Asks: 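Could you have a look at this structure, given as C-alpha cells, before my questions?
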Protein chains: 2
Amino acid sequence: MNLKELAASLGLSPTTVSRALNGYPEVSAATAARVVAAAREHGYVPNSVAKRLATGRAMAIGHVVPQSEHDMINPIFADFIAGAGESYSQAGYNMLISVVPAEEEAASYTALATARSVDGVIVHGPAAQDPRIEWLEDLGLPFIVHGRTAGRQPHSWMDINNRRAFHKATDLLIDLGHRRIALLNGLERMDFAHRRRIGYEDALGAAGITIDPGLMFSADMTEPYGFQTAMQLLKSPEPPSAFLASSLITALGISRAISACGLKLGQDVSVVTHDDALWFLPNQGEVPMFTSTKSSVRAAGKRIAQMLIDQIEGRAEPGVSELWEVEMIQGQSTGPGPFSQNKEHGLEQPHLRAQRFS
Amino acid sequence: MNLKELAASLGLSPTTVSRALNGYPEVSAATAARVVAAAREHGYVPNSVAKRLATGRAMAIGHVVPQSEHDMINPIFADFIAGAGESYSQAGYNMLISVVPAEEEAASYTALATARSVDGVIVHGPAAQDPRIEWLEDLGLPFIVHGRTAGRQPHSWMDINNRRAFHKATDLLIDLGHRRIALLNGLERMDFAHRRRIGYEDALGAAGITIDPGLMFSADMTEPYGFQTAMQLLKSPEPPSAFLASSLITALGISRAISACGLKLGQDVSVVTHDDALWFLPNQGEVPMFTSTKSSVRAAGKRIAQMLIDQIEGRAEPGVSELWEVEMIQGQSTGPGPFSQNKEHGLEQPHLRAQRFS
DNA sequence: CGACGCTTTCAAACCGCTTTGATTACTTCG
DNA sequence: CGAAGTAATCAAAGCGGTTTGAAAGCGTCG
C-alpha cells in the first residue's frame, strides 16, 4: 500500500492525502480525519526512502567508528549509543553506524555528506588535536563532538569537566594524607585523558608534591592494564599509597592486584576512579565499592543526540557547548594515607563516612 | 554535482553515465573510462537516497534493540556490532540501529519492513521461545538470529554450542574433583542461558551428582551479581568448591569475592567461565587468568552479517544455520577439588599445565 | 448578479537515480 | 544495393513521496 493507492481508495488525490497525513492546515478537518483513519486501517507507512528523496532530509544521524588497534567500540561507546538511541527514536531519527578502517575515516565522512545519507554526525573520542572538526566544517555537515578538541574554529561540543574532576579526585587523596599517587590514565593523545592528567598535575603542584613521571601511565583502559601496572608498582621499592584510575574497568584490575599482594583496598591502598556509570559495572549501593567521579555516559549520549537534532532542525545555533560537572561519590576504596593528619580516621568505619558531595 | 550535471558536462545522457559508473557492458570501454575519470575528478558520489528509491534496495541492515530493565545494549552487543560493522562496510551496507521501548519492538520491525528502510535484520538475544521469528516471517523481511529459539519454523541462525560448552566445562570441574559446583548463569529466559543450564545439569547427572537448586542462579551478567552471589555462597554452611559463570564480567565479581573471603582462586576455589573475548577483558597470555570456554562474539558478528548479506543478495538460501564449537582454554582459575583422585595435582604449578584442548 | 476572497482540492513538476524501449550509426551479408 | 544484425547511445518512464501553482466550490458584498 503506497500513497497513490491509498489516495485512490479514498477517492482523493495524493496531494491531499500527503498533506492530511503530515498535518498541513490546507486540508479540511473532516477529510484529514478520514485519511488518517484509512491509513491506520490499511497499515500504511510512507516509504522512508521516497520521503527522504522528496524532502532532502535523511532523518538519520551518523556515527563513524574507525577500527584500529585501539578499538573505539568499547563498553563506553555502547552505553553512549544506548542513550543517543533514546533521543533518536523519540524524534523519529535513525542511527547509522559506520565501522571503517582508520585510514578510510575521512573518506567515510565525505561519502556520508555527499550521498546525503545522514543529516549530521556525532564525533567520538576526540584527540587533543583532532582533524575531524576541520573535515566536517569543510563538508558543511552538522556535528557535535562528545568531548572537546583544541581546534581553531569554535564547534559544538558536550563534555564533562575532566580536568576539574581529576583535580578534585587528587585533592581528595592528598587531603587523606596520600603523597605518592599513581595515575592510570587512558590514552593521552585523547583529549579527555589529556585534561585529566592536567587536573592531576595541577592538584599535585598546588599541594607542593613533586610530579613523578614514574607514577603516570597511559594506555587503553582494560582490566589487565590496571592489574599489571598496579602489580608492578606495588612490588616496587617505593610503592604508591593511592591510585587514580580513568575507568572502573581499570580500577577493578587495580583492586585485583591489591588483593593479590595481600593488601586491603581502602585501608592499605586507596583508589579513586572515574565512573562512566556503565550498566554492567554498577558502583552503587549504600556505600559503593569505589570512591569515584561519576558521570553517566549514557545520559551524555542522550543529551548530545538531542543537541544535534535541535541544531539540525534549526532550534539551536551551531557552536553551542555544555560542560557537565561530575558527581563525587564516596565509596569504600579510600582511606587515610601515610601522611594523614588525624590518625583516628583509620578507625572510622567507611560506611559512616558515606556521603555525596559535589 | 549530481548525475544530470555530470552527464551534461560530458555531453552524454544520464543513462550512459549511470551505466558507465555501474559497469554495465552496453557502454563502450572508451566512454566508460572517460566517465569514471570525470566522476572521480569532480568528486561525484551518487545520492544514496535516490539510488535506493530507484533500485528498491536499502543497502542497510537493521538492528532493533529493545530497552527494558534488562538492558540489551551491553559490552557483548558492542563487540558484536564491531564485528558486524566490518562485514557491512566491506559490502557497502549501512548499519541501522533502532533503540526502542520494549513495548514498541513489534511495531518497530513492522515500520522497518513497510518503510523499506532496511534489507534485512539481525535478531539479538533470542528468548527460549521468541515471538520475533514469527513477526519477521510474516513481514517477509530477511533475518538471521544470533542464537537460536524453539520456534516452529526453520529459520536462519548462527550460534555457539552453549550446551556442549557448559557440559564440558562442568566435566572439567568434576574431573578435577569438584562436586558442589555453583552455576551463575545469565537470564534463563534467554535461549543461550537455558542451553547452558541444560549442559551443566546433564554433566552433573551423568556423573551421578544430585542437582542442587540452591547452587543455581540466573540474573543479568554484572560484576556485583558475581560478587554478591559468591559471597553469600562462600559464607554458607556448605560452600561450593567451584563456580561456573556465564560471563567473564561475572567471573571477575566471583574472583573478587574469593579474595574478600581470604581464599585463593584456583587453589581453594575454582572458577570456569564463558569468555566472549571482549576487547577490554582480554583473558590471554601464556596462562590466562581464567579457565574458560571461549568464543569471540566479535567474530560471530562478522560472520552473521556476512550470512545475512549473502542471503539478501541471493547467494545463500534462507534457513541455513551454523553452530560453532567453543574453544576450551586452560587458565589459572582451576585446580583440584575436594574429591580429587590424585592429590599431587595440588602441587603442580598451574603454568606447567597450560594447554589448549578443544 | 458578477466580482472577490477564502477554503479545499487537484494536476503536474520535482527530488536524483535506474531501467525499459526506442533510435541511430555502423557492419555484414545475400 | 537493400535487408538484417549489432553496438552505442538516448529519451522517457518509473521509484514513492512532497510541493508548487492552478482550479473548483462557496459564501459575501457592492
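A quick note: this is a predicted structure, and the numbers were derived from the prediction, not measured. To find a chain, count down the sequence lines: A is the first, B the second, and so on, and within it residues start at 1.
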Asks: Any carboxylate oxygen within less than 4.0 angstrom of a Lys/Arg side-chain nitrogen, looking at B:Asp159 and B:Arg148?
Replies: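 Salt bridge present between B:Asp159 and B:Arg148.
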Asks: Nearest-Å distance, CG (B:Leu10) to P (D:dA8)?
Replies: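 From B:Leu10 CG to D:dA8 P: 18 Å.
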Asks: Please verify the inter-ring angle class for B:Phe143 with B:His155; under 30° counts as parallel, over 60° as perpendicular, anything in between as tilted.
Replies: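 Answer is parallel, since the angle falls under 30°.
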Asks: side-chain contact (heavy atoms from CB on, under 4.5 Å), that's the test. Do A:Gln306 and A:Glu86 meet it? Break it down for me.
Replies: CA-CA 9 Å; A:Gln306 194 56 61; A:Glu86 279 184 57; over 6 Å; no
Asks: Less than 3.5 Å apart, any donor N or O on the side chain of A:Glu137 or A:Trp135 sitting next to an acceptor on the other?
Replies: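 The answer is no; no qualifying pair exists.
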Asks: Between D:dC10 atom P and B:Leu6 atom CG, what is the distance in whole Å?
Replies: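 For the pair B:Leu6 CG and D:dC10 P, the rounded distance is 13 Å.
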Asks: Can you sort out the partners of B:Tyr93 under side chain to side chain donor-acceptor pair (under 3.5 Å), two or more places apart, ordered by chain and number?
Replies: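 Expected list: B:Arg57, B:Glu313.
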Asks: Mind calculating the distance between CZ (A:Arg52) and P (D:dT18) to the nearest angstrom?
Replies: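 Checked: the CZ to P distance equals 13 Å.
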Asks: Starting from the first five and the last five pairs of the helix from C:dC1-D:dG30 to C:dG30-D:dC1, work out the angle between the resulting helix axes, to 10 degrees.
Replies: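 End-to-end axis angle: 80°.
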Asks: Report, as a single string ordered 5' to 3', how protein heavy atoms within less than 4.0 Å touch nucleotides 15-20 of chain C: B base, S sugar-phosphate only, - not at all.
Replies: BBBBBB
Asks: Under 3.5 Å, is there a donor-acceptor pair linking the side chains of B:Ser156 and B:Gln311?
Replies: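 Note: B:Ser156 and B:Gln311 side chains meet the donor-acceptor criterion.
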Asks: Cut-off 3.5 Å, side chains only: do A:Thr15 and A:Ser18 have a donor facing an acceptor?
Replies: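 There is no such pair (donor and acceptor under 3.5 Å, judged by atom type) between the side chains of A:Thr15 and A:Ser18.
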Asks: Go through B:Tyr88 and B:Asn94 one step at a time and tell me if the side-chain contact (heavy atoms from CB on, under 4.5 Å) criterion holds.
Replies: CA-CA 6 Å; B:Tyr88 294 152; B:Asn94 283 121; over 6 Å; no
Asks: Mapping B:Ser13 and B:Arg116 to their closest nucleotides on DNA chain D, which lands nearer the 5' end?
Replies: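 Upstream on the strand: B:Ser13.
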